[in-house]
Amino acid sequence: MDSSRREFLKTTAAAGIGTAVGASLPPAHSPLPGRDGTLLFRAPPMDRVRIGFVGVGGQGSSHVENLLTLQGVEIKALCDIVPEKVTKWQAKFRELGRPEPAAYTRGPRDFERLCAEQELDLVFNATPWEWHVPICLAAMRNGKHAATEVPAAYTVDDCWALVETAEKLQKHCVMMENCCYDRLEMLALNLARKGLLGDLQHGECGYNHDLRGIKFSTEGEGLWRRAHATRRNGNLYPTHGLGPVAQAMSINRGNQFDYMVSMSGPSRGLQLWQKEHLPQDDARRNEIYTLGDVNLSLIRTMRGQTIYVTHDTNLPRPYSRKYVLQGTRGLVEGWPRRVYVEGMSEKEDQWDPVEKWFASHDHPLWTSEKVRTASVGHGGMDWLEDWRLINCLREGSPTDQNVYDAAAWSVIGPLSEWSVAHGGRPIRLPDFTRGRWKATEPLGIVAG
Ligand SMILES: NC(=O)c1ccc[n+]([C@@H]2O[C@H](COP(=O)([O-])OP(=O)(O)OC[C@H]3O[C@@H](n4cnc5c(N)ncnc54)[C@H](O)[C@@H]3O)[C@@H](O)[C@H]2O)c1
């Protein structure tokens, strides 16, 4: 990021004016080229996609398993700070009769060596949050496309760094938001694009998942995720809920986020867990958490629509992403899944079961038998997102989610923290497209 933008950020934050971050600055680089000067970047098509995968823990292993089922994929290198995780995968490749990927296990920056010396098309990472940006930047700087797990970044500077690097080096930088591919969210996108919900007015979404056990685990996410709760207070994981709503509302493609307010409640859940589950001599009993158990953020778009986003991971509760997409003619809701469209639903003012709408308006990607039987990754949506990414790269078409989506959806994290820290004051949301969202067509009903 250039120094003028950094200065601008510092001054506006210090003045507490919550102004548009970077919005008034001229573009640092030209936009990614696309049809008609839009933001729909295409890279040259490729017959096969040579991949280096970084971070083969829980979610990374699920991606690797999916990628192994796809045509035109070669996984050439695997990287993890735990060597056994890589050797386990190498053995599995041998068992499957696939060429064994090279191992990169010399510590937390060994992905740099992977990016520098391997001939790859894509570096895909599913590492802890602090590594997403360094890995994506190393990939692009070494001539590779980048794909990352969510959120892509958790500082405003890092969001800009991803955008500016992708633009400058003309590379894809895709955040893998799998919830955009879940069946309900895709049904809603399909209904919205067909105009059956009318003009979209409102969305509700969130990440509401009791992670207490996971945060205190001595492996996997327990090794890194709880630490964020000791120093950050806001919506730390906004993209699962927000991504699909933003996509339906055509954010970055004819519409844009305008501003946001955010509030957090008290922080009690992790403290209670500490006391009730950890032995007296466990050092983790001394940790102090700042993350409010429930964070509520409200976003307004340039078209005046409202979006309510929650983050609720420290209290007992069944899983939900809430999900409401509401227009002038009807709405889709999640958890439980149901639909109401005026004049089309069975009875006036009464929900239809979602199955009725799946039968008549299932998204085309969900009608494939392959998806229905995909066993790995959150009921099929992870397989779909991996398949779509590989398809787009092989065809040389724009990816469903691009670097502007990665930045716009992820920046809700740090700017919710800003608003919480300033008594819920409104903050303008940065336009990472620098106005070019106006000329970009909405994502259509992606069919294959
Ligand atoms: N989309 C989803 O539904 C979903 C679900 C779970 C996790 N995630 C995301 O996936 C990412 C990973 O989460 P997880 O649950 O798999 O966590 P995890 O802890 O199980 O896996 C992370 C892996 O990265 C490795 N690692 C850590 N630092 C590294 C480094 N510098 N270089 C190479 N490897 C490194 C760890 O050893 C581990 O194997 C996170 O960003 C998380 O938010 C997404």
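Nothing fancy with the numbering, it's 1 onward along the sequence. Order of appearance sets the numbers: ligands from 1, and atoms from 1 within every ligand.
- Counting atoms of ligand 1 from 1 in the listed order, those under 4.0 Å from a heavy atom of Thr127 are 11 (C), 12 (C), 24 (O), 34 (N), 35 (C), 40 (C), 41 (O).
- Summarising the contacts of atom 25 (C) of ligand 1 with Ile214, Val54, Asp80, the nearest heavy atom is found in Asp80.
- Between Glu130 and Arg231, at least one side-chain nitrogen of the basic residue sits less than 4.0 Å from a carboxylate oxygen of the acidic one, meeting the salt-bridge criterion.
- Applying the 4.0 Å criterion to heavy atoms of Val82 picks out, from ligand 1, the atoms 37 (O).
- Note: His311 and Tyr237 fail the aromatic proximity criterion, with ring centroids not under 6.0 Å apart.
- Of the listed residues (Gly60, Gly55, Pro108, Ala126), the one carrying the non-hydrogen atom nearest atom 22 (C) of ligand 1 is Ala126.
- The residues Asp282 and Arg285 are annotated as not salt-bridged, no charged nitrogen and carboxylate oxygen being separated by less than 4.0 angstrom.
- Nearest-heavy-atom check against atom 6 (C) of ligand 1 across Glu219, Glu130, Glu221, Glu149 picks out Glu221.
- Residue-ligand proximity: Trp224 is placed with a non-hydrogen atom under 4.0 Å from ligand 1.
- The part of His132 lying near ligand 1 is the side chain, judged by heavy-atom distances below 4.0 Å.
- Atoms of ligand 1 found under 4.0 Å from any heavy atom of Trp131, numbered from 1 in the order shown, are 28 (N), 31 (N).
- By the criterion of a heavy-atom distance under 4.0 Å, neither the backbone nor the side chain of Ile135 is placed next to ligand 1.
- Residue Asn178 touches ligand 1 through its side chain alone, judged by heavy-atom distances below 4.0 Å.
- Using modelled atom types and a 3.5 Å distance limit, the side chains of Asp362 and Thr367 yield no donor-acceptor pair.
- Considering backbone and side-chain N/O atoms, Trp129 comes within less than 3.5 Å of an N/O atom of ligand 1.
- For His277 and Phe216, the distance between ring centers is not under 6.0 angstrom.
- The distance between the ring centers of His228 and Tyr154 falls below 6.0 angstrom.
- With a 4.0 Å heavy-atom cut-off, ligand 1 is reached by the side chain of Lys85 but not by its N, CA, C or O.
- A salt bridge links Glu119 to Arg50: at least one charged side-chain nitrogen sits closer than 4.0 Å to a carboxylate oxygen.
- In terms of polar-atom proximity, Gln59 is counted as a contact of ligand 1, with an N or O under 3.5 Å from an N or O of the ligand.
- With sequence neighbours excluded, the residues that form a side chain to side chain donor-acceptor pair (under 3.5 Å) with Glu287 are Arg226, Tyr289.
- When ring centroids are compared, Phe432 and Trp160 come within the 6.0 Å threshold.
- For His240, the heavy-atom gap to ligand 1 drops under 4.0 angstrom.
- For the residue pair Arg183 and Tyr181, no side-chain donor N or O sits within less than 3.5 Å of a side-chain acceptor on the partner.
- Contacts classified as salt bridge (Lys or Arg N to Asp or Glu O under 4.0 Å) and involving residues 242-267 (residues at least two apart or in different chains) are given here: Arg253-Asp405, Asp258-Arg428.
- Of all the atoms in ligand 1, the ones that sit under 4.0 Å from a non-hydrogen atom of Val56 are 39 (O).
- Interface of Pro128 with ligand 1, defined as ligand atoms under 4.0 Å from a residue heavy atom, comprises 22 (C), 24 (O), 26 (N), 27 (C), 28 (N).
- Salt-bridge annotation for Asp182 and Arg321: present, with a side-chain N of the basic residue lying under 4.0 Å from a carboxylate O of the acidic one.
- Contacts between Ile81 and ligand 1 below 4.0 angstrom, taking non-hydrogen atoms only, involve backbone and side chain alike.
- At least one N or O atom of Gly58, backbone or side chain, sits closer than 3.5 Å to an N or O atom of ligand 1.
- Of all atoms in ligand 1, numbered sequentially from 1 with element shown, those under 4.0 Å from a heavy atom of Gly220 are 19 (O), 20 (O).
- In terms of N/O distances under 3.5 Å, ligand 1 is not approached by Pro151.
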